[in-house]
Amino acid sequence: MRIDLHTHSDVSDGTDPPAVLVSAAVAAGLDVIALTDHDTLDGIAEAVASAAAGPVAVLPGIELSTCLQGRSVHLLGYGCRPDASLLAELERLRSGRNDRIPTTVRRLTELGYPITLAEVERHAHGTSVGRPHVADALVARGHVADRDEAFERLLADGGPAYVDRYATDLPTAIGLVHAAGGVAVIAHPWSRGSQQTLPEPVIAELAAQTGLDGIEVDHPDHDQPTRTALRGIAERTGLLTTGSSDHHGTGKTRNPLGAETTDPAVLAEILRRITAHGGERGSFAADGARG
Ligand code: AMP
Ligand code: ZN
Ligand code: FE
Ligand code: FE
């Protein structure tokens, strides 16, 4: 069983529509993917429907923009029902995403990288617009070679064209995932310098106080010492550990589908918890078998 629990479609900042992502997962020889678009559930129905009767099962997911002590933390939610409280928070997050784009465009133009709002919108196919779509507009204008260069030079957190936006407080976001029947896993906890934001005592406190379910350990942004350290933390705090590619289609070349995978026993436990809390199982039956 090859299981990839973190992928993006063009509903957020991936480059493939959900149905195409599912076909790509079939071609990559995967058995299970979770679709985890940023701050939206809009691609889930298409992904689950297109996986029906095919060899790949789809687990509904989401990647929420959260913050802890003013620093960005991404939270994966698996099996969330589209409850009103969660949908309202997603609206708020997407408004924050939209509201910062005109400021970003103005700042880039002042910095000597002119683009227009319309150009950014042309690259955002779904409901959740992000910096990668701004990067795509910069690439199309020939200002930079690819998304990576756009982030390195301009768009990364704290970079010259970075504009802050609303993010949900992390413990609140974990609560929203649980209230919607879902399982909460911190995405790439130690990528891009976030090791200071999430040292072991903070992770342990989140596990004890919020019932955080797990942490993503095997992720392309984590080197081997990081993975070993995170696995130790998970063992000591009783957290599940997942592995995934964080695939973004052609938007991130270092993250091919199935680049990292999750242990089938961990997926079984995630499905057990989703079923126990009445969450959404996507392609899976209540007993965890392929539905
Ligand atoms: P946003 O959703 O607007 O906050 O943009 C963040 C997204 O940009 C991440 O989820 C990644 O998909 C992508 N990204 C690619 N490279 C970087 C980078 N160096 N720093 C931050 N985000 C990046
Ligand atoms: Zn992304
Ligand atoms: Fe992320
Ligand atoms: Fe992601």
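For the numbers below, each heavy atom of this structure counts, side chains included, while hydrogens, waters and symmetry mates do not. Atoms within a ligand are numbered from 1 in the order they appear, just like the ligands themselves. Residue numbers count from 1 along this sequence.
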Worksheet item: Run the side-chain hydrogen bond (donor to acceptor under 3.5 Å, both in side chains) check on S65 and R165 step by step: do they pass?
Response: CA-CA 10 Å; S65 305; R165 67 178 164 92; 3.2 Å; yes
Practice prompt. Drop me the distance from L154's CG to Y113's OH, to the nearest 0.5 angstrom.
Written response: 5.0 Å
Worksheet item: Under 4.5 Å between any side-chain heavy atoms of D213 and R273, yes or no?
Response: yes
Discussion item. Could you measure the distance from the CG atom of L64 to the NE2 atom of H74? Nearest 0.5 Å is fine.
Written reply: 9.5 Å
Worksheet item: Name the one of L35, D16, V20, V22 that satisfies side chain to side chain contact (heavy atoms under 4.5 Å, CB included) with S9?
Response: L35
Discussion item. Would you compute the distance between atom CG of L117 and atom CZ of R106 and round it to the nearest 0.5 angstrom?
Written reply: 10.0 Å
Worksheet item: Do P189 and H219 come close enough that some side-chain heavy atom pair is under 4.5 Å?
Response: no
Practice prompt. Side-chain contact test, heavy atoms from C-beta onward, threshold under 4.5 Å: evaluate it for L21 versus T7 and give yes or no.
Written response: yes
Discussion item. Name the residue from H247, K252, E63 that meets the side chain to side chain contact (heavy atoms under 4.5 Å, CB included) definition with H8.
Written reply: E63
Fill in: Residue pair V56 / V32, side-chain heavy-atom distance below 4.5 Å
no
Worksheet item: Can you find a heavy atom in the side chain of R100 that is under 4.5 Å from one in the side chain of D164?
Response: no
Fill in: R131 NZ/CZ over F151 ring centroid, <6.0 Å and within 45° of normal
no
Worksheet item: When you check the space around the Zn ion (ligand 2), which protein N, O or S atoms turn up under 2.8 Å?
Response: D13 OD1, D13 OD2, H38 NE2, H248 NE2
Discussion item. Just to be sure I understand the cut-off, which residues have at least one non-hydrogen atom under 4.0 angstrom from an atom of ligand 1?
Written reply: D13, H38, H74, R97, R100, G130, R131, P132, F151, R165, R192, H248, K252
Fill in: Residue list, side chain to side chain donor-acceptor pair (under 3.5 Å) with D223, at least two apart or on another chain
T226
Worksheet item: What's within reach of the Fe ion (ligand 4), meaning protein N/O/S atoms under 2.8 Å?
Response: H6 NE2, H8 NE2, E63 OE1, D246 OD1
